[in-house]
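These numbers come from the heavy atoms of this one structure, side chains and all, not from hydrogens, waters or symmetry mates.
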Amino acid sequence: ARLLKREGGLILGDVVGLGKTIMATALAKIFDEDFGYDALIICPKNLTTMWEQYKNDYRLRAKIVSLSRVGTDLKDLRRYQLVIIDESHNLRNSQGQRYQAIKDYIEQNESKCLLLSATPYNKSYEDLAGQLGLFLKDDQDLGLRPERLLTTMGETNFLHKHNISPNTLAAFRKSEYPEDWQDLMRRFMIRRTRSFIKDNYAKTDPK
């Protein structure tokens with residue numbers, strides 16, 4: 001909750017079965033009770049019934065919109081200050097109409113954005129950049145740079161070739177170095193595995 005409030009957006013990338021839905025529900029309640037935020041929950045059509053159930057069970061002040069409806073529904077929607085996107089890996093392609101409709105809505109309403117995905121990274125780092133781009137502008141100063149890329153290319157050469165600030169998401173898009181993306185995702189993604197939970201939180205049943 002602190003990260004989401006501070007950064008404006010966050011990817012919750014816990015592996016399957018660790019409770020991303022209930023975590024997102026808890027965050028929606030925190031932002032409602034602490035800041036008076038209503039939540040807009042965007043999810044694939046097959047998950048809308050599940051989210052309606054969570055909304056009723058936990059009395060969320062939320063509206064649920066299926067991903068297939070965002071192109072028509074979002075443009076006339078009132079302001080929701082928290083946007084939760086389930087299965088956000090479906091929005092890796094920043095050229096799609098659905099992607100642009102969601103990005104425009106978040107930008108126009110200055111909404112906080114929580115992305116949920118067990119598989120945020122599929123084929124390339126552009127998958128991550130696309131999802132981050134829903135709440136980060138390409139030229140936004142992140143106070144963070146792809147240091148490995150800049151060291152390898154040389155900063156002067158980088159600036160001459162790309163003509164963009166190295167402190168931006170646009171600069172990270174140019175990097176294929178895992179170290180650069182690890183630095184970036186350390187700031188914008190929380191991802192736990194079963195073994196991490198087991199090692200750090202679980203207790204053995206004495207029986």
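- The minimum heavy-atom distance linking S66 with T48 is given by the pair CB-CG2, 3.8 Å.
- Looking only at side-chain heavy atoms (C-beta outward), L60 and T25 come within less than 4.5 Å of each other.
- Using a distance-only test at 3.5 Å, with no hydrogens or angles considered, no donor-acceptor pair links the side chain of E147 to the main chain of D180.
- None of I30, L82, I190, L12 except one satisfies the side chain to side chain contact (heavy atoms under 4.5 Å, CB included) rule with L4; the exception is L82.
- From L136, atom CG reaches atom OG1 of T168 across 10.5 Å, with rounding to the nearest 0.5 Å.
- In the hydrophobic clustering of this structure, L3 does not group with M189; members are Ile, Leu, Val, Met, Phe, Trp, Tyr whose side-chain heavy atoms approach within less than 4.5 Å, directly or through other members.
- Cluster partners of V16: none. The rule joins Ile, Leu, Val, Met, Phe, Trp and Tyr whenever side-chain heavy atoms lie under 4.5 Å apart, and it links nothing here.
- At least one donor-acceptor pair closer than 3.5 Å links the side chain of D14 to the backbone N or O of R192.
- Between I85 and L134, the shortest heavy-atom contact is CD1-CD1, 4.1 Å.
- Hydrophobic clustering, with ILVMFWY side chains joined whenever heavy atoms are under 4.5 angstrom apart, groups L47 together with Y58.
- The number of heavy atoms from other shown groups lying within 6.0 Å of CG (N163) does not exceed 12.
- For the pair W181 and Y121, the minimum side-chain heavy-atom distance is 4.5 Å or more.
- Taking each heavy atom of G133 and Y99 in turn, the nearest pair found is C-OH, 3.2 Å.
- The shortest heavy-atom contact between G143 and D141 is N-OD1, 2.9 Å.
- Identified under the ring pair (Phe, Tyr, Trp, His ring centres under 6.0 Å) test for residues 3-36, with sequence neighbours left out: F31-F35, F31-Y37, F35-Y37.
- Under a 3.5 Å cut-off, the side chain of Q140 and the backbone N or O of K137 do form a donor-acceptor pair.
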**Study point:** Verdict with reasoning, I84 to L116, per side chain to side chain contact (heavy atoms under 4.5 Å, CB included)
**Key:** CA-CA 8 Å; I84 297 171; L116 311 178; 4.0 Å; yes
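- Taking a 6.0 Å sphere around CZ of R173, one finds it holds more than 12 heavy atoms contributed by other residues, nucleotides or ligands.
- Between R194 and G17 the shortest heavy-atom distance is NH2-CA, 4.0 Å.
- Rounded to the nearest 0.5 angstrom, L142 CG and L132 CG are separated by 9.0 Å.
- Between M185 and R187, every side-chain heavy-atom pair lies at or beyond the 4.5 Å cut-off.
- The environment of CZ in R78 is crowded: more than 12 heavy-atom neighbours from other residues, nucleotides or ligands sit within 6.0 Å.
- L150 places a side-chain heavy atom less than 4.5 Å from the side chain of R145.
- Side-chain N/O atoms of S88 and Q131 include a donor and acceptor closer than 3.5 Å.
- Put simply, the side chain of D139 does not reach to within 4.5 Å of the side chain of L169, judged on heavy atoms.
- Under the 4.5 Å side-chain heavy-atom criterion for Ile, Leu, Val, Met, Phe, Trp and Tyr, L114 and M23 are members of the same hydrophobic cluster.
- Remark: L67 CG to D73 CG distance equals 11.5 Å, nearest 0.5 Å.
- With contacts defined as side-chain heavy-atom distances shorter than 4.5 Å, the pair Y54/I41 does not qualify.
- E52 and N56 share no donor-acceptor pair across their side chains, judged by distance under 3.5 Å alone.
- Interatomic distance, R69 CZ to I42 CD1, rounded to the nearest 0.5 Å: 13.0 Å.
- A distance of 11.5 Å separates CD of Q100 from CG of L91, quoted to the nearest 0.5 Å.
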Exercise for review: Verify side chain to side chain contact (heavy atoms under 4.5 Å, CB included) between T193 and K198, making sure each step is shown before the conclusion.
Suggested key: CA-CA 9 Å; T193 61; K198 184 178 177 182; over 6 Å; no
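- Both I22 and L27 belong to a single network of hydrophobic side chains, linked directly or stepwise wherever heavy atoms of I, L, V, M, F, W or Y lie under 4.5 Å apart.
- The stretch residues 92-117 participates, sequence neighbours left out, in these salt bridge (charged side-chain N to carboxylate O under 4.0 Å, His left out) pairs: R92-D127.
- Looking at N109, its side chain does come within 3.5 Å of a backbone N or O of Y105 through a donor-acceptor pair.
- The environment of K29 atom NZ is dense: over 12 non-hydrogen atoms of other residues, nucleotides or ligands sit within 6.0 angstrom.
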Exercise for review: Please step through side chain to side chain contact (heavy atoms under 4.5 Å, CB included) for the pair F188 and L128, ending with a clear verdict.
Suggested key: CA-CA 10 Å; F188 290 106; L128 297 172; over 6 Å; no
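- Other residues, nucleotides and ligands contribute more than 12 heavy atoms inside 6.0 Å of the NZ atom of K55.
- Heavy atoms only, all atoms of each residue included: A28 and A39 are closest at CB-CB, 4.4 Å.
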Practice item. Go through the steps for H162 and M153 under the test side chain to side chain contact (heavy atoms under 4.5 Å, CB included), then give the verdict. Key: CA-CA 11 Å; H162 299 299; M153 276 190 73; 4.2 Å; yes
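- In this structure a side-chain-to-backbone donor-acceptor pair under 3.5 Å is missing from S111 to C113.
- With contacts defined as side-chain heavy-atom distances shorter than 4.5 Å, the pair F135/L115 qualifies.
- Atom CD1 of I64 is separated from atom CG of L40 by 9.5 Å, given to the nearest 0.5 angstrom.
- Judged by distance alone, the side chain of S175 and the main-chain N or O of Y177 form a donor-acceptor pair under 3.5 Å.
- Proximity of L149 to F172: side-chain heavy atoms (C-beta onward) are nowhere separated by under 4.5 Å.
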